[in-house]
Amino acid sequence: MKTVYSIFLSPSRHHFSPLRFHSEAAAALEYHNQHHPLSNPNSIAPNAYQEKTIISLTKSCTHKSHLLLIQTHLLRNFHFYNPTIFLSFLSRCALPPLHDLSYSHKIFSQFPAPNVSLYNTMIRAYSLSNDVAKKGVLLYQEMLRSGISPNALTSMFATKCCIKFGSLFSGLQIHARILKDGHQSDSLLLTTLMDFYSSMEKGREAHKVFDEISLRDTVAWNVLISCYMRNGRTRDALGLFDAMRNSNECQPDEVTCLLVLQACAGLNALEFGEQVHNYIEERGFHNMMNVCNSLIAMYSRCGCVEKAYDVFRGMVNRDVVTWSAMISGLASNGYGRDAIEAFEEMQRAGLVPDDQTFTGVLSACSHSGLVDEGRIFFEAMKRDFGVVPNIHHYGCMVDILGRAGLLEEAYDLVSSMRIKPDAAMWRTLLGACRIHRHLALGERVIEHLIEMKAQEAGDYVLLLNIYSSVGNWEKVIEVRKLMKDKGIQTTPASSTVELKGQVHEFVADDVSHPQKKKIYETLEEINQQLRIAGYVVEITSDLHNVEDKSKQSAPSYHSEKLAIAFGVLATPPGTTIRVAKDLRICVDCHNFAKILSAVYNRKVVIRDRNRFHHFEEGRCSCNDYW
DNA sequence: TTAGGGTTAG
């Protein structure tokens with residue numbers, strides 16, 4: 001025994017060839033089956049010393065060839081199909097770092113009568129990768145058919161397979177089986193089940209499961225928060241952070257903070273984000289790299305790049321995520337040159353940029369109109385860093401070229417892409433056509449959008465703007481009629497503004513806010529003041545006139561104007577007003593904010609679908625390049 | 001002690 005196994009103890013002394021050992025293992029398997037046709041796992045139990053040695057050797061294996069060597073000897077000694085030893089072998093082989101699924105499946109299928117532990121190991125291995133998760137579900141079903149009762153872990157691994165595979169029906173079957181087997185008091189299993197419903201966009205079901213958990217710990221709460229965020233209830237996710245802090249069940253941990261910071265970034269909820277930042281400091285999470293990276297992203301996406309930079313400077317260690325977040329933050333806030341400098345500094349610090357770093361760098365070029373630089377980075381990305389361009393990279397390039405007036409080149413780039421262009425890509429090009437009044441290409445682009453059935457009211461409005469800017473009134477009327485005939489509704493755009501950690505949301509002509517009367521009065525007053533300063537309403541981009549021209553007698557207000565008016569009303573003079581808008585800001589609202597920043601001496605920061613607009617003293621950071 | 005738990009950063 002000693003001489004046989006001593007070889008494993010210092011495997012580095014031997015020259016291993018995986019192929020050779022693979023064939024040796026196959027030969028040994030054949031030998032085993034020929035000489036031991038009964039293959040009864042219980043009849044070939046090794047003694048305790050052998051078992052211990054084998055298992056510890058198996059555990060120490062880091063390379064498949066070592067494992068195959070062990071298998072060869074196990075087969076020769078008729079120990080391979082011993083359930084205990086086989087389980088140890090299978091988990092080594094099936095799970096990371098080895099994670100050899102095809103080989104694991106092969107030996108698993110040769111095992112005479114697999115027990116629940118073996119099934120669990122195999123299903124768990126399948127649950128770890130996207131492309132084979134389906135096999136995990138099938139194996140679970142096969143297990144049920146062969147009459148083996150699943151335990152809580154089986155159900156959990158199988159549920160994870162359903163999440164990865166995206167199968168609602170199989171997941172529901174597992175839930176039913178959990179109830180049948182009486183595993184509904186296992187809180188860890190229920191947490192996975194919540195995550196399953198969450199991933200299937202069944203928020204209510206997920207919440208129901210949450211309510212049924214008797215001991216809800218931080219992870220259960222975190223899954224609920226992530227569920228809210230995935231299912232369009234981002235504002236309620238913030239509420240859960242407070243609920244957690246006030247509850248005596250458990251307290252937010254660093255994962256809660258990561259999730260909530262994401263929510264703040266999405267909602268432009270700077271004050272709430274600052275509260276989370278304070279909590280992070282209190283709890284000592286500020287030493288964690290992932291938490292700091294999230295803080296950088298949150299501050300950047302709330303238009304507060306200075307604070308993002310404070311966090312960045314305070315970090316002892318920075319990784320590629322840190323730098324990418326900072327680069328993107330600088331880029332989207334209008335500091336294109338600084339973003340590029342940061343990119344160069346990052347490389348001097350010895351970090352290798354990845355695909356998302358380049359998304360930030362290219363967006364810096366697009367936001368700052370750096371055409372040549374953009375081209376150079378795009379080529380270098382492919383050539384020097386081996387990054388295959390994705391839809392975001394192409395989107396930036398189309399934006400760069402389009403804004404520079406190189407419309408045909410941008411169109412050719414879209415046409416030559418290996419990946420299918422999405423609606424956002426065509427919309428970027430359409431925006432460029434509007435800027436440069438390129439009618440023919442604009443018409444071509446909207447055809448693409450119509451073809452993919454992705455056209456929105458805003459797209460027709462861009463087309464309308466092109467027609468009206470070149471004075472083609474016949475076409476303007478035609479498109480308006482087309483929109484009316486097709487019953488195209490204007491997208492209910494919304495703007496949010498945060499006050500004392502509370503997010504207020506407005507749509508156009510909103511009358512749902514409790515302070516609506518005061519808001520409209522304030523807006524009237526602002527309009528008067530701005531008119532004195534030379535503000536004129538620009539109606540070409542007004543969506544409401546598209547629908548019905550006769551309604552012009554009653555003034556119509558875009559959501560961002562209401563949000564700004566609320567900001568003027570509810571905050572003391574001098575306070576920065578921060579608005580987030582889900583669509584692109586229009587020319588009129590852009591002018592409105594610009595003049596307001598001078599007349600009212602207020603900084604206004606508007607984050608729209610594409611970028612930030614920092615208005616100050618009658619100017620905008622985007623150089624009127626909207 | 002033979003194998004195993006759930007959430008998560010740009």
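Every chain is numbered from 1, with letters handed out A, B, ... down the list of sequences. If you're wondering where the values come from, they're calculated on a predicted model, not measured in any experiment.
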Under the 3.5 Å rule, do the base of B/dG6 and the side chain of A/Asp217 count as making a donor-acceptor pair?
yes

So for atom CZ, which belongs to A/Phe210, do other residues, nucleotides or ligands contribute more than 12 heavy atoms lying within a distance under 6.0 Å?
yes

Closest approach of A/Ser363 and A/Cys396, non-hydrogen atoms and distance?
N-SG, 3.7 Å

Between A/Gln262 and B/dG10, does any side-chain N or O lie under 4.0 Å from OP1 or OP2?
yes

Against the side chain of A/Lys160, the closest entry in B/dT7, B/dA9, B/dG10 is B/dT7

Ignoring hydrogens and angles, does a donor from either the side chain of A/Thr192 or the base of B/dG6 sit under 3.5 Å from an acceptor on the other?
no

Does A/Ser117 make a side-chain donor-acceptor contact with the base of B/dA3, cut-off 3.5 Å?
yes

Which part of the nucleic acid, if any, lies within reach of A/Leu193 when heavy atoms closer than 4.0 Å are counted: base, sugar-phosphate only, or nothing?
nothing

Looking only at the side chain of A/Asn290 (C-beta and beyond, no hydrogens), which of the listed nucleotides B/dA9, B/dG6, B/dG5 gets closest?
B/dA9

Counting only distance, no hydrogens or angles, is the base of B/dG10 paired donor-acceptor with the side chain of A/Asp319 under 3.5 Å?
no

Could you check whether the side chain of A/Asn293 and the base of B/dA9 have a donor-acceptor pair of N or O atoms closer than 3.5 Å, going by distance alone?
yes

Going by atom types only, do A/Arg313 and A/Tyr309 share a side-chain donor-acceptor pair under 3.5 Å?
no

Spell out yes or no: do the side chain of A/Asn222 and the base of B/dG6 have one donor N/O and one acceptor N/O closer than 3.5 Å?
no

Would you tell me whether A/Thr322 and A/Asn293 have side-chain atoms, one donor and one acceptor, within less than 3.5 Å of each other?
yes

